[in-house]
Amino acid sequence: LIKMPHSDIQQPKRLFGSMWQLHAKYIFVQSEDGVIIIDQHAAHERIIYERSLKALNDQASQGQTLLFPIPLQLLPEDQLLFNDIRHDLESLGFLFLEQAGQLQIQAVPFDIAAGTEHLAVQDIITQYREYEQVRPQGSRDNLAASMGCKAAIKAGHILTLDEMKSLVHDLFNCDMPGVCPHGRPIILEMQLREFDRRFGRTS
């Protein structure tokens, strides 16, 4: 397998000629020269990271309003950090309301899966705290990376063909599709001539 140079990554011309998922973890895409292999979690993480960073910089992102507000209970140390980043969380599409002394979640970004709203906020705060200790990029970048890490689909998540197409399309429209926010590779390529070499073919 050959890592694709980050500066050379471009969307294949025949992107959706053939596509399949391996062990609910990797997406294989037939290209003109062989096959492109995509880590589905890292790809979705990159997509959400860039989308979140843009929302933070633009200070505007629409979320999905919940039918019933969800109570948000945080530990005292998490409450302090939440107060510091609440405005930026709302820029991502979250909406919070304080009613009768109780903090509630009224809306969440579209990337947050239903039923995970409270856990998502807690996980993002926890991940953000960890990033602030080890990543020098800055608070907004770290919040966007936290959002990407916790909201991205995980290994083991089975995707439909349309979902794979959408994920790959969105990835190749990212500014840096080759690496996740932590610098881990997203895309590998194996060229057809490598298959031919290993099978002893000359043509």
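A quick note: this is a predicted structure, and the numbers were derived from the prediction, not measured. If you read the sequence from its start, that first residue is 1, and numbering goes on from there.
Taking hydrophobic clusters as Ile, Leu, Val, Met, Phe, Trp and Tyr residues chained together by side-chain heavy-atom distances below 4.5 Å, V168 shares a cluster with I187. Residues L95 and M147 do not share a hydrophobic cluster, defined by chaining ILVMFWY side chains whose heavy atoms lie under 4.5 Å apart.
When the side chain to side chain contact (heavy atoms under 4.5 Å, CB included) test is applied to Q133, the partners found at least two apart in sequence or on another chain are R129.
Of the possible donor and acceptor atoms, none in the side chain of R140 sits under 3.5 Å from a partner among the backbone N and O of L53. Not one N or O on the side chain of E117 forms a donor-acceptor pair closer than 3.5 Å with the backbone of I112. A side-chain donor-acceptor contact under 3.5 Å links Q21 to the backbone of H157. With hydrogens and angles ignored, the 3.5 Å screen pairs a side-chain donor or acceptor of K154 with a backbone N or O of A152. Without hydrogens or angle criteria, R86 side chain to F96 main chain gives a donor-acceptor distance under 3.5 Å. Side-chain atoms of E45 do not come within 3.5 Å of backbone N or O of P181 as any donor-acceptor pair.
Ring planes of H182 and Y131: tilted class, angle from 30 to 60°.
Contact check for I186 versus P177: no side-chain heavy atoms found under the 4.5 Å cut-off. For the pair E98 and L103, the minimum side-chain heavy-atom distance is below 4.5 Å. Counting heavy atoms from C-beta outward, R197 and E194 have side chains that approach closer than 4.5 Å. Between L167 and I153 there is a side-chain heavy-atom pair separated by less than 4.5 Å. Two residues are said to be in side-chain contact when any heavy atoms from C-beta on lie closer than 4.5 Å; F82 and L72 meet this criterion.
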Go through it in stages, so that I can follow the logic: the residues are K54 and E50, the test is salt bridge (Lys or Arg N to Asp or Glu O under 4.0 Å), and I'd like the CA-CA distance, side-chain angles, deciding distance and then a yes or no.
CA-CA 6 Å; K54 184 177 186 301; E50 291 198 11; over 6 Å; no

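More than 12 heavy atoms of other shown residues, nucleotides or ligands fall within 6.0 angstrom of atom CD in E77. The environment of OH in Y26 is sparse: at most 12 heavy-atom neighbours from other residues, nucleotides or ligands sit within 6.0 Å.
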